[in-house]
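When a ligand or atom number is given, it counts from 1 through the structure's own listing order.
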Amino acid sequence: MRYISTRGQAPELDFAGVLLAGLAVDGGLYMPREWPRFSPADLRALRGLPYPELAARVIAPFVGDSVSFAELQAACHKAYAGFASKAVTPLVQVDTNLYALELFHGPTLAFKDLALQLVGHLFELVLAKRGEKVRIVGATSGDTGSAAIEAVANRENIDITILHPFGKTSEVQRRQMTSVAAGNVLNVAVDGTFDDCQDLVKAMFADGEFRAEMNLSAVNSINFARIAGQIPYYVYAALNLGAPEREVAVSVPTGNFGNILAAWAAKQMGLPIARFIVGSNRNDILARFLAANDMSVQGVAPSLSPSMDIQVSSNFERLLFEFLGRDAALTAQTMTGFRQSGKMAVADEAWRAITRDFKGYRLSDDDTLKEIKRFWAESEYLADPHSVIALAAGRDLGPIGMPVIVAGTAHPAKFPDAIEQAVGIRPPLPHHLSDLYERQERFTRAPNDLTAIETLVRNFANRNK
Ligand SMILES: *Cc1c(COP(=O)(O)O)cnc(C)c1O
């Protein structure tokens, strides 16, 4: 499988190249040159397989010959062995035709573990083949840092340094990062804000000499390998609800548009998904776009569902590229214009085509709490403030008589304050995290200073020399 950039000016790469590169050099995002197709018979053959087996078969065409099928299979088994549910992504019926696909039984209790756990193993395989070492650096305000650390802890040929703002993350979030006992993990608490941390990471990447010396890498959300790792659970859920003979809809609480794009990719591969419902909080750029072709940037306002507090959804570029007929020049021009003006000019014809399949939905914080309470009262289903938006959206916008797969993206115990506010109980942490508050923490405190941070990363890289 070969990959092309949405902006058409970067070299084609194979899967291993895309995995290590992340973003394309022309600023675009990598996409497969064509979508692999599964016939109805191919899909039926996946029914009833254990999740890691199903995942290996769905992901195999994307990986091509970058790793062997046996290696991919082993990676999938290892990636999902630590999940708290044997089903990996259990499907729970919440109402007539409304199903929660629980994607939060991994180590950090959020759906990002599904892709990142696998990506950690794939990095290790590809680096071993190439005889390379990488140093991943990243900044976090809380959640992505812990998922990235869990993904590469103890993986060979990878070091990871995550910067977080000292004293400005929640205790659960901090402990999830700093209590991972792995020799290749360096947590740095910076005396500054999250934006300072992000600027420091950007500055490290911009320092060409340092970047080359350290072979810096990122596991950011625009890596196509992460999209690939999110396709199997839609296949798994749809097969369980009667596909390929029966159509389904999906409803996804959306931030950077990666999760729902994976569902759309599943449709290109042959899965009969008739509708895509995009859930948003008060940061509703996608809902405004789908309602009225208004993709205009506004400031980010904090909400009860922080992982959806976005200004711009980076993976939307991939959908745009497809609906512009894969015209890379037009995609590049649209994205550049968007960056300059803060408003995306999407041709009316493309907008109408997108809105035939995609519907937007928005909930305020008040209504989010009301819906948590309502699903708890009516279905005894306790949903976190992200997932509940997609549950309400699926109930209100699902086609009559068609099952709706709702992406459950976080465990309710990750957001105990909001849950307590809504229903008066604090959900306990699941068993595998119940000792989180007793675990030993390890982090290094550092000033908001590029030289100081680069020295830490370099010394860490040379720790065994
Ligand atoms: C990351 C995240 C989202 C948003 O997913 P995207 O792929 O960025 O759209 C939603 N909910 C939770 C809990 C998340 O962690």
Residue pairs passing the side chain to side chain donor-acceptor pair (under 3.5 Å) test with at least one member in residues 114-127, sequence neighbours excluded, are E124-R155
Could I get the full list of ring-ring contact (aromatic ring centres under 6.0 Å, His included) partners for F123, not counting sequence neighbours? none
Member of I389, D384, N281 meeting the side-chain contact (heavy atoms from CB on, under 4.5 Å) criterion with T368: I389
According to side chain to side chain donor-acceptor pair (under 3.5 Å), does anything in residues 24-35 pair up with another residue at least two apart or in another chain? List the pairs. S5-D26, E12-R33, W35-E322
Ring centroids only, cut at 6.0 angstrom: are F15 and F62 within range, meaning strictly under it? no
Ring center gap for Y51 and Y80 short of 6.0 angstrom: yes
Note down each nitrogen or oxygen pair, ligand 1 side and protein side, whose separation is under 3.5 Å; give only atom names and the distance to 0.1 Å.
| from | atom 1 | to | atom 2 | distance (Å) |
| --- | --- | --- | --- | --- |
| ligand 1 | 7 (O) | G258 | N | 3.2 |
| ligand 1 | 7 (O) | N259 | N | 2.9 |
| ligand 1 | 8 (O) | N256 | N | 2.7 |
| ligand 1 | 9 (O) | G255 | N | 2.8 |
| ligand 1 | 9 (O) | N256 | N | 3.2 |
| ligand 1 | 9 (O) | F257 | N | 3.0 |
| ligand 1 | 11 (N) | T409 | OG1 | 2.9 |
| ligand 1 | 15 (O) | K112 | NZ | 2.5 |
| ligand 1 | 15 (O) | S307 | OG | 3.4 |

